[in-house]
Structures are given as structure tokens and as C-alpha cells.
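These notes are about the structure you will find just below.
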Amino acid sequence: MPDSQVRLDFGFCTAQGLGPNGLAAADLEGLSRELARVHQAMAQERAQDVLGFWSLPAMGEKELEPMQAQARRLAGLADTLVVLGIGGSALGATAVDMALAGFLRHAFPRQNGMRLFVADNPDPRAFGQLLEGLDLKRTAFNVVSKSGSTAETMAQFMVALERMEKALGHEEAVKRVVFTTDPEKGNLRLLAGRDPYACLEVPPNVGGRFSVLSAVGLLPLMCAGHDVKALLAGAARMAERCEGAGLMDNPAYMFAALAMHYWRAGRNILVMMPYATDLFGLAQWFAQLWAESLGKAQHRDGSPALVGQVPVAAVGATDQHSQLQLYMEGPQDKLVCFVSLDDYGREITIPAMFGDIDALAYLGGQTMNKLIASEAVATAAALAKGGRPSLCLRLPGLDADAMGQVMFLLEAATVAAGHMLDIDPLDQPGVELGKKLTYGLMGRKGFEDQAREMEALDQAGRYLV
Ligand code: PA5
């Protein structure tokens, strides 16, 4: 097996590695049988093209060319790209860009590609500061909204457009905008019918949080100079592995099986803790994928479900000094998924100094690489000693290929977990109500009932302490 594969290490979930809380052979056999049924269901969904994200890695030149053409065009007009999108329209591009260009990417000039900002919150402080800090004549905007109706994204677009029009005039402003949206429907299509906005498509069968390998993630990543072909190639290799029927050969099935086994055993929280600061975005992306896909009130047949596992994004070793105390000694309600790197892409040796102080001398001459790797293993071992399970996604290194592999694995695992819970992981009915009440508060036509409902709820000042 080539070394470049992302591997799932589940030693600390087994009876051998963990003791009584670990999976025994009989547990694995039961899960194997369950996953065989899941496999049949997913194979059928793939055949019926329900899982649109599954075929994205196989995209060829023909599908990539419209995105490449926009990336080239925008690079000729601007040196900064701002993505306006939220949730699944934002987190994937952020995760990959943070992983490949670094957590501190905005602090230093880019070596190649455009600067990339993903503005996912209509927070007037943060968004205002971003717009005021940009040279709008050298900035392009990628408005990403599959529905074209998301209030946060559309408000940001309207603000940005007005400022660009003031700086450059309407025609030049329009040139600096690309819409990524549904091929036919929605407000962005409506606007593109009035003005010559460039448009890229989100395939109708690809939902927001599964869309990182579509134009949603790929255009911003191309603009930022990342190797999207390597990203897709890594995902394609993982897709092949995730089509395997056997639990022991299929890392997505194993991830889902372990997470759901422990959820059923009362482990209601899944912590994703990469030992790499640059992978914090991956943990945040995964948190949305797992939460929005699996947190559901109803089973597929409409019967009550109330299921889901709470994802938490953490970073090692940083959160050893923040959250680990809780994970070590708090309630036995967590499963931890570490993410490790075999190769950090650089090595730093700690200089030999303070030889007369034993508590510092041992560090001298060793590498920071060995320190962080030792901390990851030691933390997993310490958790295991307390009967607390963990698994580890082992990445060979941090490059586009590895990101493609791990993101695809987690998408496939999410769908498999959805089958184990017997819920639809592709919908998100629970976010609709809050949206409608917001429309009511904002005075949108057709939402007068919600406006009245909110008025009745208005208790402004009555319970202030
Ligand atoms: O994963 C999802 O489906 C959601 O998080 C959406 O991506 C998010 O609500 C934004 O939706 P839209 O792309 O329609 O603006």
C-alpha cells in the first residue's frame, strides 16, 4: 500500500488497546453486518446519482475549464478574492486554504495566487473592517449561494456591490463578480439575467456541506493558487477505497461504525483534534458536516428520531492546555478523533541549551516534530488508560492530495453514519424556522405571520438583570 494514503488508526477503540470500553471481535462482526446493509443502500444511492458529491473527484478538463477560465480572468483584474458565502458555501474553501497556505496566511504576502478571504458572517465589525482594508479596484468577489436566497450572503453582496460601484462604476464592478449557484434557479440567476455576471454551477444533487470539490470550493482554491487537480486526485483515490464493501477495508465505513458504536454507548460528543494548527479549518468544516447532516428529529420514514452526535473542533497540542482536562476526567461521553501528520513538511530542532537544568535540558537537540508527535500519542494513551476511546486519521503530510483524501473520507463516513441512524444526512429542515423568523423580523414580504409571532415574543428589557 503506498505511503501517501490517509489511514484510519483505531487501535485505541479496540478491546486490546482500550480494555473493557473497546470493541471486541463480536462488536466488529455486528458492525460488519450492519455496514454490509449500509453498503447496499449507498451503492444504490450512487447508482441513482443521489450522492452527487461522489462523482465530483472524477471531474475532467471539460468540467474544470469554466472554473479555470474564471480564475484566469479574475487574476487579471484583481489580487484579492473575497468569497461571500456561509455554511457549506464557505467552510470547505477555508479548510483547504488554511491547511495549504497556513493558519497565518493573512499575515504574510502570498507566494503565488490571489489573497483569499472567506467572509461568512454578516457581522458589521468584521465585514466592515475587511471591506475598508481592501483596495476594491484590485478585489474580486465570488458570491457562493446554491439557493441564492441566503440573507447573510445576499446582504454582504449588496453592501460589497454598492462599494465597488462607487469605486469603479457599475460595469467594472459586475466584471469583478462571479456567482456560484444553482444552474437554473434562484436570485443570483435572476440578477445574472439583468447584468452580465459570470456564473458557475453548483450541481443540483450536491448539497452545500458536500460541495467543497465542486465549483464552490474549487474556484476560490484555484484563485488562491492551490493544486486542485491533486485535491481531486486524492479524493478520487479515497472514493475508490470508500466503495469497498468490507468494514476492514473501507475507512469511511470504519469511521462511521466507530462513531455510531460509541454514540449508542452514550458518547454523545465527537471531538476532532488535529495535531496541526493549520488543520483547525478541517475540524470546523467537519463540525458542520457532522452536525447539520446527522442532527435530525425524524427517521427516513417520518417517525421520531432526535439523534445526532455533537462535534467539537479542537487543536493539539494547544487544547491540551484548555479542553483536555475535561476529556480526561469529565463525563464518559466523548470519542476523540485525532488527526496526525507523518510529515510536517519542515523540521525545527530545539537548540541544546540550559544543560544544567534537567527539566529543560532533555528538550535540547530534539525536534519540535518529535515533541508534537509524542504529545499526540501520549494524549491518546492517557485517554485510553482512563477507558476513553480515540481514533486517529493519519495523514502522510499536508498537501492537496491528502486534503482531498481526508475530506472525501469524512463526507462518505457522514452518509454511512446517516444510514446507521436511519435519517437523511442530505437535508437540513431544522435551520428553516430560524430563517423564516429572521425574514419576519427583517420585514420580508410573505413573512407577516412570522413578524407578528416575533412581535408577540418581544420581551425587550423585561428580563434584563
Ligand atoms: O450545508 C448546507 O446545505 C448549508 O450549510 C448551506 O451551505 C448554507 O445554508 C448556505 O446555503 P446557500 O449556499 O444556499 O446560500
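Keep in mind that the numbers below use all heavy atoms, side chains included, and drop hydrogens, waters and symmetry copies.
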Exercise. Give the ring-plane orientation class for F53 versus F408, where under 30° counts as parallel, over 60° as perpendicular and anything between as tilted.
Key: tilted

To the closest 0.5 Å, what do you measure between [atom1] ([X]) and [atom2] ([Y])?
{"X": "L104", "Y": "T277", "atom1": "CG", "atom2": "OG1", "result": "8.5 Å"}
{"X": "L395", "Y": "D343", "atom1": "CG", "atom2": "CG", "result": "11.0 Å"}
{"X": "D319", "Y": "Q325", "atom1": "CG", "atom2": "CD", "result": "13.5 Å"}
{"X": "C223", "Y": "L81", "atom1": "SG", "atom2": "CG", "result": "5.0 Å"}
{"X": "L391", "Y": "M272", "atom1": "CG", "atom2": "CE", "result": "8.0 Å"}
{"X": "S147", "Y": "K185", "atom1": "OG", "atom2": "NZ", "result": "10.0 Å"}

Nearest heavy-atom pair of [X] and [Y]: which atoms, and what distance?
{"X": "R300", "Y": "I423", "value": "NH2-O, 3.0 Å"}
{"X": "L221", "Y": "V228", "value": "CB-CG1, 3.9 Å"}
{"X": "A119", "Y": "Q156", "value": "O-OE1, 3.0 Å"}
{"X": "P425", "Y": "T414", "value": "CB-O, 4.1 Å"}
{"X": "A314", "Y": "Y327", "value": "CB-OH, 4.4 Å"}
{"X": "P389", "Y": "L335", "value": "O-CD1, 3.7 Å"}

Side chains of [X] and [Y] in contact at under 4.5 Å (non-hydrogen atoms):
{"X": "V377", "Y": "F338", "value": "no"}
{"X": "M254", "Y": "L8", "value": "yes"}
{"X": "M273", "Y": "Q320", "value": "yes"}
{"X": "L279", "Y": "L341", "value": "yes"}
{"X": "W285", "Y": "T94", "value": "no"}
{"X": "V310", "Y": "L270", "value": "no"}
{"X": "K229", "Y": "L232", "value": "no"}
{"X": "V96", "Y": "M407", "value": "yes"}

Short side-chain to backbone donor-acceptor contact, [X] and [Y], under 3.5 Å:
{"X": "D422", "Y": "H419", "result": "no"}
{"X": "N250", "Y": "A245", "result": "no"}
{"X": "S303", "Y": "H299", "result": "no"}
{"X": "H106", "Y": "R115", "result": "no"}
{"X": "E432", "Y": "P429", "result": "no"}
{"X": "D399", "Y": "A402", "result": "yes"}
{"X": "K146", "Y": "V206", "result": "yes"}
{"X": "D120", "Y": "L91", "result": "no"}
{"X": "T14", "Y": "G17", "result": "yes"}

Quiz item: Can you list the steps and then say if L258 with L23 is a side-chain contact (heavy atoms from CB on, under 4.5 Å)?
Solution: CA-CA 9 Å; L258 296 171; L23 278 88; 3.9 Å; yes

More than 12 heavy atoms of other residues, nucleotides or ligands under 6.0 Å from [atom1] of [X]: is that the case?
{"X": "Y197", "atom1": "OH", "answer": "yes"}
{"X": "M328", "atom1": "CE", "answer": "yes"}
{"X": "E448", "atom1": "CD", "answer": "yes"}
{"X": "E375", "atom1": "CD", "answer": "yes"}
{"X": "E184", "atom1": "CD", "answer": "no"}
{"X": "M442", "atom1": "CE", "answer": "no"}
{"X": "R264", "atom1": "CZ", "answer": "yes"}
{"X": "Q332", "atom1": "CD", "answer": "yes"}

Exercise. Go through Q428 and R209 one step at a time and tell me if the side chain to side chain donor-acceptor pair (under 3.5 Å) criterion holds.
Key: CA-CA 10 Å; Q428 55 286 325; R209 56 196 175 275; 2.6 Å; yes

Self-check item: R237 and Q405: CA distance, side-chain angles, deciding distance, side-chain contact (heavy atoms from CB on, under 4.5 Å) verdict
Solution: CA-CA 7 Å; R237 289 209 320 288; Q405 289 187 62; 3.2 Å; yes

For [Y], is there an ion pair with [X] - N to carboxylate O distance below 4.0 angstrom?
{"X": "D427", "Y": "K296", "result": "yes"}
{"X": "E329", "Y": "K334", "result": "no"}
{"X": "D97", "Y": "R105", "result": "yes"}
{"X": "D9", "Y": "R394", "result": "yes"}
{"X": "E34", "Y": "R37", "result": "no"}

Compute whether any side-chain donor of one residue and acceptor of the other, for [X] and [Y], lie under 3.5 angstrom apart.
{"X": "Y275", "Y": "T379", "result": "yes"}
{"X": "T180", "Y": "N142", "result": "yes"}
{"X": "R189", "Y": "T181", "result": "no"}

Quiz item: Does the gap between the ring centers of F157 and F179 come in under 6.0 Å?
Solution: yes

Practice problem: Please step through side-chain contact (heavy atoms from CB on, under 4.5 Å) for the pair M222 and Q70, ending with a clear verdict. | Solution: CA-CA 9 Å; M222 282 172 183; Q70 288 307 323; over 6 Å; no

Practice problem: Give the C-alpha distance, both sets of side-chain angles, the deciding distance and a yes or no for side chain to side chain donor-acceptor pair (under 3.5 Å) between Q5 and R241. | Solution: CA-CA 10 Å; Q5 293 208 80; R241 290 172 68 196; 3.0 Å; yes

Exercise. Start with the C-alpha distance between W290 and F255, add both sets of side-chain angles, then the distance that settles ring-ring contact (aromatic ring centres under 6.0 Å, His included), and finish with yes or no.
Key: CA-CA 12 Å; W290 203 247; F255 187 100; 5.6 Å; yes

Exercise. Going by the side-chain contact (heavy atoms from CB on, under 4.5 Å) test, name the single residue among E45, M42, E411 that passes it with W54.
Key: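 Testing each of E45, M42, E411 against W54, the sole residue satisfying side-chain contact (heavy atoms from CB on, under 4.5 Å) is M42.
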
Exercise. For the pair D333 and R267, evaluate side-chain contact (heavy atoms from CB on, under 4.5 Å) and give the outcome as yes or no after the intermediate values.
Key: CA-CA 4 Å; D333 59 358; R267 294 189 180 271; 5.5 Å; no

